[in-house]
Protein chains: 2
Amino acid sequence: MASIHDVAKHAGVSVATVSKVINNYPDVSDKTRKKVNKAIDHLRYQPNVVARGLVKRRSWTVGVLLTVPFTNPFVSELLEGIKTALENSGYDLVRLSTRFDDPNYSFLKHCRSRNVDGVVVFGVDKDNRGVDELIHSDLPTMFVDTDQVGKRAGYITTDNHNAIRMAVSHLSELGHRKIAYISGTLGPSMANLRLEGYRAGIRESGLEYNPSYMEVCDYSFDGGSQAARKLLELPNPPTGIICASDMSAFGAIQEIERHGLSVPEDISVIGFDNTYYAQVFKPGLTTVNQNIFNIGVRSIEFLIAMVENAEYSPPVIMEPSHLVIRHTTAKVQTV
Amino acid sequence: MASIHDVAKHAGVSVATVSKVINNYPDVSDKTRKKVNKAIDHLRYQPNVVARGLVKRRSWTVGVLLTVPFTNPFVSELLEGIKTALENSGYDLVRLSTRFDDPNYSFLKHCRSRNVDGVVVFGVDKDNRGVDELIHSDLPTMFVDTDQVGKRAGYITTDNHNAIRMAVSHLSELGHRKIAYISGTLGPSMANLRLEGYRAGIRESGLEYNPSYMEVCDYSFDGGSQAARKLLELPNPPTGIICASDMSAFGAIQEIERHGLSVPEDISVIGFDNTYYAQVFKPGLTTVNQNIFNIGVRSIEFLIAMVENAEYSPPVIMEPSHLVIRHTTAKVQTV
DNA sequence: CTGAAAGCGCTTACAG
DNA sequence: CTGAAAGCGCTTACAG
């Protein structure tokens with residue numbers, strides 16, 4: 001690859017001048033500018049962004065820190081949003097290969113070493129020591145679904161609380177009084193907020209919270225099946241089930257059908273996420289739309305705002321969600 | 001962040017010496033080594049890999065070039081394999097933001113500019129001019145499913161031809177004589193090879209190729225539905241349908257059921273990919289397992305082999321596939 | 001065993 | 001308007 005020196009020599013100017021035309025400085029004569037551009041074209045020169053980054057202390061690179069596999073539908077949609085926001089911005093995305101087996105491994109050091117301009121973090125526990133390091137550093141950071149903020153660290157999430165409240169309210173309006181909730185693993189604020197939303201919804205519908213109507217699973221298909229089984233075996237099973245993910249809703253539906261019952265005639269089911277499969281499979285799943293793509297896009301917008309403005313502190317961002325009503329919820333059966 | 005200079009000063013040695021201990025050169029006295037390591041720990045120093053890359057002309061970075069969204073199940077599984085192979089290798093993954101709207105955009109220049117050590121390419125047409133540039137360059141490249149090779153460019157794919165042959169053979173052994181194929185968009189070698197495999201399988205089963213049993217769709221759920229509808233409306237509809245993706249198989253199954261027929265009692269259906277959903281949904285889908293994860297892993301292995309050995313030319317790699325028999329195929333109904 | 005110097009490919013005051 | 005020089009954070013012959 002041709003370097004800036006080659007261009008300078010070919011154009012008969014100094015490297016400083018070449019640098020100036022590359023960076024569109026105004027103080028270059030038209031004549032020189034043309035000479036240089038011609039040399040650039042001729043040599044098919046492309047500036048080395050790594051070298052530029054060394055002096056500018058920038059890399060035009062955004063890091064992502066993920067502990068969840070790419071095959072996770074949330075992750076892939078988040079990345080799709082991130083990618084879309086990055087396209088044509090001059091930034092590339094770098095996935096940081098975490099090395100948790102190394103006790104000295106540090107997110108922050110890794111980011112520094114790669115010189116990334118900012119980082120978006122997803123799927124990391126808030127008590128991970130790396131998170132702490134990040135929020136106290138000046139490295140622009142966006143946490144997705146991890147409830148942490150700092151002067152240079154933002155937090156973006158779906159309005160989980162409201163989302164589940166709306167789901168309860170929907171069932172309640174359909175006449176359901178026995179509404180169960182299959183939560184995801186508790187601990188992460190995301191899961192906790194959803195559970196609170198469920199309890200708030202129950203309260204607002206004038207119902208009473210019944211602990212046996214609350215199950216926990218790991219968001220998976222099988223987890224949803226197992227939790228549903230427990231609910232169905234209750235002496236007084238629910239007529240409506242809200243699940244914390246589409247996958248667990250699919251699992252619950254299968255279990256319900258295995259028990260000889262049908263959805264939504266006997267039992268209404270609501271999912272969470274509105275993944276591709278929720279719309280594609282029949283009957284279409286009633287589910288909470290989480291605008292994951294948009295979360296990806298906005299996390300980049302805030303990240304870049306921080307990168308380009310050293311004083312900027314991002315707000316906490318709560319992306320709205322809404323219920324997508326399809327065909328797995330119906331009026332409660334009148335007995 | 002502390003730099004190598006800070007460490008040198010703190011340890012009372014030269015930067016050259018610090019560099020030597022960082023890189024485990026043997027010609028450093030134990031005493032000095034200890035002093036330096038102490039300084040490194042004290043300053044929480046981490047070498048800047050970007051600066052190192054500038055002089056070594058390496059970046060310990062692997063690029064990926066994708067035209068297909070992250071949400072595509074093939075892509076996410078491929079990336080998962082790539083990521084796994086990269087973990088603990090010291091390499092990070094960088095997604096190159098393509099800028100196709102810029103007529104001067106060049107894959108190769110982008111890679112050079114980012115200084116990536118190699119690149120894996122997926123979902124790019126073989127007649128894309130960027131592909132040509134890549135195979136004629138010395139940049140280590142692995143093409144996934146794009147039939148292109150070069151001195152420093154490898155090609156890895158699933159054994160598509162055989163895969164579909166096996167599918168035909170399976171149906172044939174179950175007594176099916178009317179076997180249809182719903183292809184993906186023709187053009188890419190992947191799709192063409194699968195179609196050839198279908199025709200070969202038909203021939204080997206002693207059947208005759210019937211053009212009306214061959215439909216084309218875009219691999220999607222809806223595409224599968226529509227193609228299945230055409231097949232079902234044939235005067236002499238097939239009893240077995242092989243699809244070029246799991247999604248189109250799901251679509252076909254739904255269409256079959258909408259026609260009041262059932263799978264596998266009336267019609268057997270085979271998918272392609274063995275995605276997560278193929279095993280999770282009931283009835284489990286009989287499908288061709290494509291080891292996408294492994295394709296990701298191996299593409300990295302060959303890429304790194306090239307990076308570390310300037311003379312290495314990778315072979316063409318055909319990953320084996322096999323049929324996973326679940327519950328959507330059965331003996332043909334005897335009339 | 002140790003370190004001064006040159007260099008990787010750039011940018012940026014600064015002098016002219 | 002142009003360019004020489006210093007510097008970003010490293011590595012690597014090479015001299016001692």
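A note on names: the letters A, B, ... follow the listed sequences, proteins ahead of strands, and every chain is numbered from 1. Since we're looking at a predicted model, the values are computed, not measured.
Take the nearest nucleotide of DNA chain C for A/K56 and for A/M1: the residue whose nucleotide is more 5' is A/M1. For B/A51 and B/D27, each mapped to the nucleotide of DNA chain D holding its nearest heavy atom, the one lying further toward the 5' end belongs to B/A51. Judged by closest nucleotide on DNA chain C, B/V28 is the one of B/V55 and B/V28 placed further toward the 5' end.
In this structure a side-chain-to-backbone donor-acceptor pair under 3.5 Å is missing from B/D125 to B/N128. A donor-acceptor pair is defined here as one N or O able to donate and one able to accept, closer than 3.5 Å; such a pair exists between the side chain of B/S97 and the backbone of A/Y91.
For DNA chain D, the span of nucleotides reached by chain A at under 4.0 Å from its heavy atoms goes, 5' to 3', from D/dC1 to D/dG9.
Of the residues B/V49, B/N48, B/D92, the one that meets the side chain to side chain contact (heavy atoms under 4.5 Å, CB included) test with A/S113 is B/V49.
Side-chain atoms of A/Q290 and A/F74, non-hydrogen and from C-beta on, do get closer than 4.5 Å to each other. Contact of the B/S137 side chain with the B/F107 side chain is not registered, since no non-hydrogen atoms from C-beta on lie closer than 4.5 Å.
Nucleic acid contact class of A/N48 (heavy atoms, under 4.0 Å, all strands): sugar-phosphate only. Among the atoms of the strands shown, only primed sugar atoms or phosphate atoms (P, OP1, OP2) are found under 4.0 Å from some heavy atom of A/V13. Contact annotation for B/S19: base contact, defined as any heavy-atom pair under 4.0 Å involving a base atom. Residue contacts for B/V50: at a heavy-atom cut-off of 4.0 Å it reaches no nucleic acid atom on any strand shown.
Ring to ring, A/F143 and A/F122 are not that close: their centroids are 6.0 angstrom or more apart.
DNA chain C contains the following stems of three or more consecutive Watson-Crick or G-U pairs, with both distances under 3.5 Å: C:1-3 with D:14-16, C:5-12 with D:5-12, C:14-16 with D:1-3.
With sequence neighbours left out, the side-chain hydrogen bond (donor to acceptor under 3.5 Å, both in side chains) criterion links A/T32 to A/S29.
Donor-acceptor pairing under 3.5 Å is recorded for the side chains of B/E133 and B/S106.
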